[in-house]
There are 2 protein chains.
Amino acid sequence: MVKITDVARHAGVSPSTVSYALSGKRPISAETRARVEASVRELGYRPHAGARALASSKSHVLAIVVPLRAGINVPVVMQFAVSAVTTARAHDHDVLLLTREEGEECLRRVADTALADALIVMDVQLHDPRLPLLRALDRPSVLIGFPADTEGLTCIDLDFKAAGELCVEHLAGLGHRVVGLIGSPPEVYVRQTAFAQRVVQGFTAAAARHGMSSTVHPCEATPAAAHKVAERLLREQPALTGVVVHNEAILEPLLEAFEQLGLRVPGDLSVTALCPDELAANLPVPVTSIAIPTTEVGERAVRLLMRKLEGAPVPQSTLLPPRLTVRASTARRVTG
Amino acid sequence: MVKITDVARHAGVSPSTVSYALSGKRPISAETRARVEASVRELGYRPHAGARALASSKSHVLAIVVPLRAGINVPVVMQFAVSAVTTARAHDHDVLLLTREEGEECLRRVADTALADALIVMDVQLHDPRLPLLRALDRPSVLIGFPADTEGLTCIDLDFKAAGELCVEHLAGLGHRVVGLIGSPPEVYVRQTAFAQRVVQGFTAAAARHGMSSTVHPCEATPAAAHKVAERLLREQPALTGVVVHNEAILEPLLEAFEQLGLRVPGDLSVTALCPDELAANLPVPVTSIAIPTTEVGERAVRLLMRKLEGAPVPQSTLLPPRLTVRASTARRVTG
DNA sequence: ATGAAAGCGCTAACAA
DNA sequence: TTGTTAGCGCTTTCAT
């Protein structure tokens with residue numbers, strides 16, 4: 001293994017000069033720097049991560065906690081993670097993969113052992129048991145998702161309220177007057193996160209603002225439940241012409257149900273969804289949708305951490321604006 | 001930060017005694033050990049990862065390289081990774097997440113900087129450009145997947161040849177005599193990995209062994225292509241009653257195509273697939289299938305690495321036996 | 001602008 | 001069975 005003293009000898013300078021030449025933490029003459037860099041290249045020098053971490057108390061490692069439990073959208077999680085890795089690498093950091101399985105313990109462990117300099121936590125619940133620890137920890141962290149109380153934390157996510165609003169506004173712009181939200185399973189509205197409720201808020205508020213009539217229907221993630229909801233909607237709100245779906249698992253069954261009930265999309269019914277583009281784009285009738293900007297969230301989460309590591313102030317909350325992709329499932333309301 | 005000397009002082013022993021008491025690398029009297037453990041708990045001591053790595057030249061970190069490119073099944077990759085993390089933790093190791101994006105460079109980097117003790121490489125191609133590096137590296141590695149030449153490497157994967165055979169044998173046992181394999185897109189058979197070819201080998205060999213007539217049809221991953229293949233099969237092999245599908249992207253369209261062509265599954269046609277259970281189980285007609293045992297692969301990959309790190313010999317190749325889950329899509333051939 | 005030298009916290013000879 | 005001590009390779013003060 002080639003070490004810094006080898007480089008120093010080869011370049012005819014002292015080890016500290018090599019260190020400074022590489023870190024740029026103090027001025028080095030152009031000539032010396034060139035010699036050092038040549039030696040580094042020639043010898044293939046790589047600083048030993050452990051030694052560097054020990055001496056500088058910076059591991060240059062970020063930890064990311066991914067969820068495992070049911071109901072989690074795996075590709076979405078993976079996209080967060082991959083985006084985080086890519087961004088971290090651009091900032092000369094690596095990413096340690098943790099699962100939630102070990103619980104808070106693992107957060108404490110990587111922090112206390114100085115394995116990681118900072119933490120990214122996904123799958124945040126409203127009253128997440130990890131919050132006290134995250135607030136107390138001496139290392140910076142960023143949450144992907146919003147707990148009930150963000151005080152003392154740094155959180156980032158899609159602005160789900162704005163997403164709910166945007167869907168309604170799109171429908172309003174197309175002349176729709178009666179809209180319904182088909183949401184997540186009832187239990188999601190209590191446990192897990194606030195995002196489902198935020199969608200409802202945005203949806204309801206925007207509908208009211210536009211003088212539209214609106215209803216909300218939680219729905220289990222089964223085709224049968226989707227069918228029942230479709231029937232109920234039709235029965236209870238015959239004037240309904242616009243639907244927002246926030247439940248990706250039943251988007252397809254729902255569309256099938258509408259078809260079987262004789263409702264054409266978008267002829268009779270305009271449908272928008274909150275779901276991955278991949279899903280929305282590949283349905284028989286491609287669906288107008290808003291996706292979670294996973295890549296951007298992952299990237300910005302890392303950038304927030306970097307700023308915190310530098311001691312710079314960061315906003316407590318970052319809400320990313322939703323972007324709606326118009327596809328074939330929404331159309332102007334046919335009046336008459 | 002509480003360090004080993006703090007613990008030593010608190011327990012009234014020397015630092016090395018604390019170290020040995022925790023590592024078990026030399027005998028410690030029960031009494032001393034108890035005192036040390038009490039102090040560790042009381043003070044909340046955690047060894048500094050960097051210091052430990054520097055002194056012992058073991059980082060207790062494994063690196064895993066995940067693929068990003070198109071055509072990759074994200075949930076499958078994620079399952080490998082999560083299983084690897086879980087198993088690594090059980091062996092007191094952590095996992096560093098790398099993306100293939102950086103190429104070989106990142107393998108060299110984590111090895112040279114001693115960030116990771118060992119490597120897990122996924123998405124292995126037949127003539128993977130990383131192979132020379134992996135062979136030359138001073139750190140152990142395990143490949144998930146098989147390149148053309150496994151000499152000097154350690155590889156693990158599902159036994160795809162046996163999987164192809166198992167599908168045919170299942171169909172043979174149900175009385176089918178004419179079978180077809182609907183495979184991956186043509187380009188998969190050249191680039192990427194050997195697994196697609198192995199399935200074909202197993203399929204063909206088993207069919208021959210049972211005196212069955214068999215054909216193979218590569219197929220693009222589009223619904224249109226699926227449709228065309230279904231039509232061709234029907235036209236060219238009217239006696240066909242058994243199908244093996246090794247192309248998860250088109251499994252559903254294919255089943256639809258069969259239905260539209262008037263073929264009932266399993267009444268007229270028995271269908272088996274190589275795909276995730278999740279997919280197979282949730283189709284309109286649940287499909288008899290063989291899944292990649294992702295959890296087992298991930299776990300065993302880590303265990304292989306652990307053995308290599310201990311200096312123990314490990315098999316060059318580990319082929320996991322396929323397990324076929326019988327569902328509604330296969331039935332006894334109706335004769336007459 | 002550069003060098004010398006003192007640690008960073010831990011492990012593992014070497015001693016006793 | 002336990003203690004003493006010399007590093008591991010790097011960063012960073014202090015000195016020049």
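Reminder, nothing fancy here: chain letters follow the sequence lines and each chain counts from 1. Owing to the predicted nature of the structure, the values given are computational and were not obtained by experimental measurement.
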Are there over 12 heavy-atom neighbours, none belonging to [X], within less than 6.0 Å of that residue's [atom1]?
{"X": "B:E105", "atom1": "CD", "answer": "yes"}
{"X": "B:E296", "atom1": "CD", "answer": "yes"}
{"X": "A:Q316", "atom1": "CD", "answer": "yes"}

Counting distance only, does the side-chain N/O of [X] pair as donor-acceptor with the main-chain N or O of [Y] below 3.5 Å?
{"X": "A:D117", "Y": "A:H60", "value": "yes"}
{"X": "A:S83", "Y": "A:E299", "value": "yes"}
{"X": "A:R100", "Y": "A:D123", "value": "yes"}
{"X": "B:R35", "Y": "B:A11", "value": "yes"}
{"X": "A:R135", "Y": "A:E151", "value": "yes"}

Quiz item: Are A:L137 and A:L119 close enough, and set up right, to give a side chain to side chain contact (heavy atoms under 4.5 Å, CB included), and what steps lead you there?
Solution: CA-CA 10 Å; A:L137 235 43; A:L119 312 164; 3.4 Å; yes

Atom-to-atom span, [atom1] of [X] to [atom2] of [N] - whole angstrom:
{"X": "A:D6", "N": "D:dG9", "atom1": "CG", "atom2": "P", "result": "9 Å"}
{"X": "B:D112", "N": "D:dC10", "atom1": "CG", "atom2": "P", "result": "12 Å"}
{"X": "B:K25", "N": "D:dG3", "atom1": "NZ", "atom2": "P", "result": "19 Å"}
{"X": "B:L115", "N": "D:dG9", "atom1": "CG", "atom2": "P", "result": "16 Å"}

Which pairs, protein N/O on one side and nucleotides 8-10 of chain C N/O on the other, fall under 3.5 Å?
residue, atom, partner, partner atom, Å
C:dC8, O2, A:A55, N, 3.4
C:dG9, OP2, B:K3, NZ, 2.7
C:dG9, N2, B:A51, O, 3.4
C:dC10, OP1, B:Y45, OH, 2.6
C:dC10, OP1, B:H48, N, 3.3
C:dC10, OP2, B:I4, N, 2.4

Quiz item: To 10°, what angle do the rotation axes through the five end pairs on each side of the helix from C:dA1-D:dT16 to C:dA16-D:dT1 form?
Solution: 30°

Practice problem: Please check the phosphate of C:dT11 (OP1 and OP2 only) for any side-chain N or O of B:S57 closer than 4.0 Å. | Solution: no

Self-check item: C:dT2 phosphate, OP1 or OP2, under 4.0 Å from A:S29 side-chain N/O
Solution: yes

Practice problem: Have a look at A:S23 and say if it touches a base, only the backbone sugar-phosphate, or nothing, with a 4.0 Å heavy-atom cut-off. | Solution: nothing

Practice problem: Give a yes or no on whether a salt bridge exists between A:K3 and A:D6, defined as a side-chain N under 4.0 angstrom from a carboxylate O. | Solution: no

Self-check item: Salt-bridge present (A:E104, A:R108; N to O < 4.0 Å)
Solution: no

Please list, pair by pair, any protein nitrogen or oxygen found under 3.5 Å from a nitrogen or oxygen in nucleotides 13-16 of chain C.
residue, atom, partner, partner atom, Å
C:dA13, N7, B:Y20, OH, 3.4
C:dC14, N4, B:R26, NH1, 3.4

Self-check item: DNA chain D: 5'-proximal contact among B:V13 and A:T17 (nearest heavy atom)
Solution: B:V13

